[in-house]
Amino acid sequence: MPTATIVRDTTSALSGWQRELAAAIRDPNELCEMLRLDADVAAAARTATGSFPLLVPRAFAARMRPGDPRDPLLLQVLPQTAETAAVAGWSADPLREADAVAAPGLVKKYAGRGLLLVTGGCAVNCRYCFRREFPYAASGATRRGVEAGLEAIADDETLTEVILSGGDPLLADDDFLGEIVARLDRIPHLRRLRIHSRLPVVLPARVTTGLARVLAGSRLSRVIVIHANHPAELDEAVAGAVRDLAALPAIILNQAVLLAGVNDSAETLAALSERLVEIGVTPYYLHLLDRVTGAAHFDVPVEQAEAIHRRLRDTLPGYAVPRLAREVPGEPAKVWIA
Ligand SMILES: *Cc1c(COP(=O)(O)O)cnc(C)c1O
Ligand code: SF4
């Protein structure tokens with residue numbers, strides 16, 4: 001997967017969040033020194049990086065516990081030796097998204113919903129990401145691809161919802177997002193705009209008044225799905241970003257991935273749900289890991305996932321229990337488990 005690229009075609013100076021992104025940590029040594037970890041942790045990370053580099057915004061790194069090589073936030077971003085092992089059944093394109101590209105820039109794999117690939121980059125490189133091997137440039141996450149995607153959406157009256165996707169769609173700047181939203185507004189069969197983004201969590205400064213203006217100006221109803229996996233990710237800055245998004249108004253949901261060593265316990269996930277509800281986010285999905293090369297060490301067996309999920313149902317109010325789900329290639333929707 002590419003490193004962060006920002007779709008930008010103006011010559012204006014970088015805004016605050018873009019400067020923060022440019023200053024993100026890219027060197028395992030720097031991250032490990034900052035967290036006072038042993039040099040061998042950094043050395044292992046450098047060896048395991050492969051073609052998917054370390055990338056973590058400082059706002060996210062600041063929430064990690066110094067001195068703890070098992071910190072659940074660190075484990076999501078730090079390359080580990082286990083990534084380099086080939087494991088049978090784990091592949092580069094586990095969801096066979098390459099088959100679902102309907103037009104450059106448009107992925108159609110869910111009934112009635114089209115995914116518009118806005119940009120290939122992310123602000124953070126999550127080691128478990130199912131797109132770590134995805135060929136973005138070839139799939140149209142470019143300005144020309146977005147143009148073709150918008151035309152395909154306009155031509156397909158079965159679509160009622162557009163999901164801005166990527167990479168992380170909020171890496172696109174406000175001008176570009178504004179153009180996209182204005183175009184979508186004029187397509188009569190569309191009713192909803194959805195955004196899946198990890199930026200409100202890893203770089204909450206991205207939620208600017210400019211972004212709010214772009215989204216609030218749309219005639220479409222808005223659903224914003226943030227991606228947080230652990231309660232320690234949700235500090236006050238994230239809570240503030242969520243408040244601003246909820247005020248659009250928008251429905252704010254969370255999608256988490258079940259990850260061994262990070263959040264594979266009912267206690268941690270209950271604490272995540274409690275914190276999400278506290279800041280105004282509804283837990284939506286608890287996703288089983290997609291079987292992408294390099295992520296097998298995060299695997300949680302489905303029986304264990306079901307047992308954890310049963311405990312969540314036994315202890316939390318219904319609205320705080322996420323749906324346990326997984327992606328199955330070729331299915332028109334996510335498959336619910338349990
Ligand atoms: C699951 C998913 C969707 C769409 O699924 P819904 O069941 O409509 O919520 C869209 N984008 C991403 C990234 C997803 O994981
Ligand atoms: S933010 Fe999402 S798309 Fe980007 S690397 Fe992380 S999991 Fe993958």
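Order of listing sets the numbers, starting from 1, for every ligand and every atom in it.
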Can you tell me which residue and heavy atom of the protein come closest to [atom], and the distance to 0.1 Å?
{"atom": "atom 9 (O) of ligand 1", "value": "Tyr284 OH, 2.6 Å"}
{"atom": "atom 7 (O) of ligand 1", "value": "Tyr285 OH, 2.7 Å"}
{"atom": "atom 13 (C) of ligand 1", "value": "His196 ND1, 3.6 Å"}
{"atom": "atom 2 (C) of ligand 1", "value": "Lys334 NZ, 2.7 Å"}

* Is there side-chain contact between Glu161 and Val223, with heavy atoms separated by less than 4.5 Å? ->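 They are not in side-chain contact.
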
* Side-chain contact test, heavy atoms from C-beta onward, threshold under 4.5 Å: evaluate it for Ile251 versus Tyr284 and give yes or no. =>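 SC-SC contact between Ile251 and Tyr284 ruled out.
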
* To do: Below 4.0 angstrom from a heavy atom of Ile163, which ligand 1 atoms are there? Numbered from 1 as shown, please.
  =>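 Near Ile163, the atoms of ligand 1 are 10 (C).
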
* Provide the number and element of each atom of ligand 1 under 4.0 Å from a heavy atom of Gln255. =>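 Those of ligand 1 that fall under 4.0 Å from Gln255 are 14 (C), 15 (O).
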
* Closest to atom 6 (Fe) of ligand 2 among Cys126, Gly121, Cys122 (heavy-atom distance) -> Cys126

* Could you tell me whether the side chain of Arg132 and the main chain of Asn125 form a donor-acceptor pair under 3.5 Å? =>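 Between the backbone of Asn125 and the side chain of Arg132 there is no qualifying donor-acceptor contact (under 3.5 Å).
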
* Asked: By number and element, which atoms of ligand 2 are closer than 4.0 Å to a non-hydrogen atom of Arg198?
  -> 1 (S)

* To do: Heavy-atom contacts with Cys129 under 4.0 Å: which atoms of ligand 2 show up? List them by number with element.
  =>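 Answer, ordered by atom number: 3 (S), 5 (S), 7 (S), 8 (Fe).
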
Sidechain N-carboxylate O distance under 4.0 Å for [X], [Y]:
{"X": "Arg144", "Y": "Glu147", "value": "no"}
{"X": "Arg326", "Y": "Glu331", "value": "no"}
{"X": "Asp235", "Y": "Arg275", "value": "no"}
{"X": "Glu267", "Y": "Arg311", "value": "yes"}

* **Backbone or side-chain N or O of Arg113 under 3.5 Å from ligand 1 N or O** =>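 Yes; at least one N/O pair falls below 3.5 Å.
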
* Asked: With only distance considered, is Glu327 within less than 3.5 Å of ligand 1 through an N or O on each side?
  -> no

* Go through the side-chain N and O atoms of Asp185 and Ser218 and say whether any donor and acceptor fall under 3.5 Å apart. =>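 Present: a donor and an acceptor within the cut-off.
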
* Please lay out, stage by stage, how Asp173 and Gln18 fare under the test side chain to side chain donor-acceptor pair (under 3.5 Å). => CA-CA 9 Å; Asp173 68 20; Gln18 290 169 326; 4.7 Å; no

* Strictly under 4.0 Å, does any heavy atom of Arg194 approach an atom of ligand 1? -> yes

* **ligand 2 contact by Val124, heavy-atom criterion under 4.0 angstrom** =>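 Val124: in contact with ligand 2 (<4.0 Å).
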
